[in-house]
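I have placed the structure first, in the form of structure tokens, so that the comments after it can refer back to it.
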There are 2 protein chains.
Amino acid sequence: MSGEWGAVVDVTIRRYAGVLLDVGLQVTRGQRLFVHAPTHAEALVHEIAVHAYRAGARNVDVLWTDPALDRARLLDGSDDAVAEVSYHAEVLSRAERHEDVHLRLFGDDALDQHPPVDDDRARLQAAAFQQARSRSSSITDFKRPWTLAAVPGPVWAGRVFPDLAPADAMGRLWDAVIRACRADEPDPVAAWRQHLARLDAICAHLQQQRYDRLRFVGPGTDLSVGLARAHAWAHPGTAPWGVANIPTEEAPTAPDAQRTQGTARIRRPAVIDGTLVRDAHLTFVDGAVVAATATTGQQALDELLATPGGDRLGEVALVPQSSRVAREGLVWHNTLFDENDASHIALGNVIPPCIHDGLAMSPEQLEAAGANLSPRHVDLVIGSNDVSTYGITANGTQDPLILNGEWAIPI
Amino acid sequence: MSGEWGAVVDVTIRRYAGVLLDVGLQVTRGQRLFVHAPTHAEALVHEIAVHAYRAGARNVDVLWTDPALDRARLLDGSDDAVAEVSYHAEVLSRAERHEDVHLRLFGDDALDQHPPVDDDRARLQAAAFQQARSRSSSITDFKRPWTLAAVPGPVWAGRVFPDLAPADAMGRLWDAVIRACRADEPDPVAAWRQHLARLDAICAHLQQQRYDRLRFVGPGTDLSVGLARAHAWAHPGTAPWGVANIPTEEAPTAPDAQRTQGTARIRRPAVIDGTLVRDAHLTFVDGAVVAATATTGQQALDELLATPGGDRLGEVALVPQSSRVAREGLVWHNTLFDENDASHIALGNVIPPCIHDGLAMSPEQLEAAGANLSPRHVDLVIGSNDVSTYGITANGTQDPLILNGEWAIPI
């Protein structure tokens, strides 16, 4: 952050901190805030701490992620070192014990930056880390408030703007993130209230239609996604505490794991297990992927498909091309943005709130409701401005939902 | 770190990491390394982790310091927030339990960067933090290996080179630190071996003379420092595990708390409790400061003198003007360097190894040996190239030790 842009960021970074806390987590008096963020997020995290304390937070703890330290352990550590774990496991468990509300900021640490490490050692380290945690719950189990958001970092900025000088790339990425997250608005909280009301209306309309399936049609894509009978259109802003993902532009719901048919062309590079997968095409029969090709990353794609539930859909989500995220016209290299950039499907686990009463259901109950269960959840973009989406009811009525990338519903 | 200089630092930063681990802590197979460092030390800390794992370390944990978070709690937090503590207290106690060897890197976090906070709240927070630690031992209690060293940061660099652009200031400060710590040598470990052998010889010579007192003479200074009868000349490189301070250029020993007489002009700005104290003059009678003036920071100086043992000497140390640190010709704004820049005295606690068998002594035994006890230890530079130092034996023989800033002993 340098030059003239430095002065601008001070204000917008403060507004962005406000969006994360006032819109995302809605931190209130007496709560404890836990921030898990890469070290390059320092300036933002300091604003967050000040904002949270002024809102009456009882404690703000920050755990800094550092993939380089993990890599040093895996690449250069002895076998003894790989079986040891950092204090991070204890600190994460402590945050759960204290019922901290959880803000996870992804930046350079969400990117695959490093040469691949020995898989056996990585698995050993992951198992040791998991064992060191007092509970194995993930932050996204909806047991306590959480928000996932992003923070620009130099490596990420370099991926998005490979032709710019580092400082310029950081500036451009910050600008794009700020706009996509409505932190450029004079009153971001009001702007979000308006935006979430529109998402609510869209989801309510879609819910009311009780579609049997969705159909996506475009170059290389003719896909019918059967919806779970108890599907709910539940965007991340319907989380009980606020908004679980920032930005959020999607209207997501739950497919029936057995009822997807046809072909899908994936329109954006996807990152699967740290590997970039380009130009993927998938063919589904009765819910399962029966053929999958990619020009790069075929092996990572095949490995995903071989994991339990990794070959069936856990999510389908509608996003218009006029979304704040899509309007930036970027390849984001970050799932939080790519999944709000265009309509997408996800291979792997269901999002429990996308099944009616799904949060209260056991895995068996979710499965009986038609939902897919999996340890994985990988978003794949299928929307674009040449793709249209239709909602089809049980009696065969076909409504246009998105035509050439834009909403076609009466909202 | 940018431009051409970035390429240079990759090599020297690696050598510097090697100095800290191979010379300072001498990390060996199976040891656990704990690094406590400011976030701007990231590049150096990554080299340290790789180096430590390659040396067989069983674990490397890094706790990132962040004064801005502490400040947010004190300035913006509720009273409840001030009575809470971060997880850092538990992590520091955990490191002690695991008998980690401890590397503390001081950078921007060692500087007074911020508006002063409410003292009562600061004391409350400090007490709560101390209570949260399972043991109250400090890392410098010589119970397990530790090394204190420095890492350039943008704020520190700006203090040392206020007229340079930020990137240039960082580059210049890194260069100076690297040279002062002998990381510019092709074989830094060999250079340190040679340097420590010379410090050993100097200390052995001074020890052999069994001086009764030292006398410092120069403009504004005529100070007689009576030495404790059981004084030991023990430089930081005599620590059982390696070198406790990097850089280290000093030959320190223990004064008798009752036997300092005369006046001392302090030749460098000193930082006392975060306040810069300039142009201090001290007058001692029978070991105690009886008059003290400063052009700025008088209150901080007075408060130090009012603490138990804060008005008497706990250390006297000889440093020539040809030391690697002094040769840089800088005002360092960092005690680790300022105390190796010129001869100095310290108000406050004795350094236990500077009394024979001092590490094995109880506080009462140390006091009986003539040592000063205090919760404080503040170094004050009295040496310069116009100051000479003499060693005076019990029978009145007076040997020149340093003449106009340079060693005058037969080493």
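Residue numbers begin at 1 in each chain, while the letters A, B, ... track the order of the sequences. In what follows, every heavy atom counts, from backbone to side chain, and hydrogens, waters and symmetry copies are set aside. Small disclaimer: the values here were computed from a predicted structure and weren't measured.
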What part of [X] gets closer than 4.5 Å to chain B, counting heavy atoms only: side chain, backbone, both or neither?
{"X": "A:A57", "result": "backbone"}
{"X": "A:L63", "result": "both"}
{"X": "A:D79", "result": "neither"}

Minimum-distance pair of heavy atoms, taken over all atoms of [X] and [Y]:
{"X": "B:V60", "Y": "A:R73", "answer": "O-NH2, 3.9 Å"}
{"X": "A:S86", "Y": "B:R94", "answer": "O-NH2, 4.1 Å"}
{"X": "B:L69", "Y": "A:Y53", "answer": "O-CE1, 4.4 Å"}
{"X": "B:V50", "Y": "A:D76", "answer": "CG1-OD2, 3.5 Å"}
{"X": "A:Y87", "Y": "B:V62", "answer": "OH-O, 2.7 Å"}

Among the listed options A:G30, A:A81, A:A95, A:A83, the residue most often paired with chain B at heavy-atom distances under 4.5 Å =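 When all of A:G30, A:A81, A:A95, A:A83 are compared, A:A81 has the most.
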message = If I take atom CD from residue A:E42 and atom CD from residue B:E42, how far apart are they, to the nearest 0.5 angstrom?
response =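 Here the interatomic distance stands at 9.0 Å.
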request  = Under 4.5 Å, counting heavy-atom pairs only, tell me which of B:V45, B:I48, B:V85 racks up the most with chain A.
outcome  =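 Option with the greatest count: B:V85.
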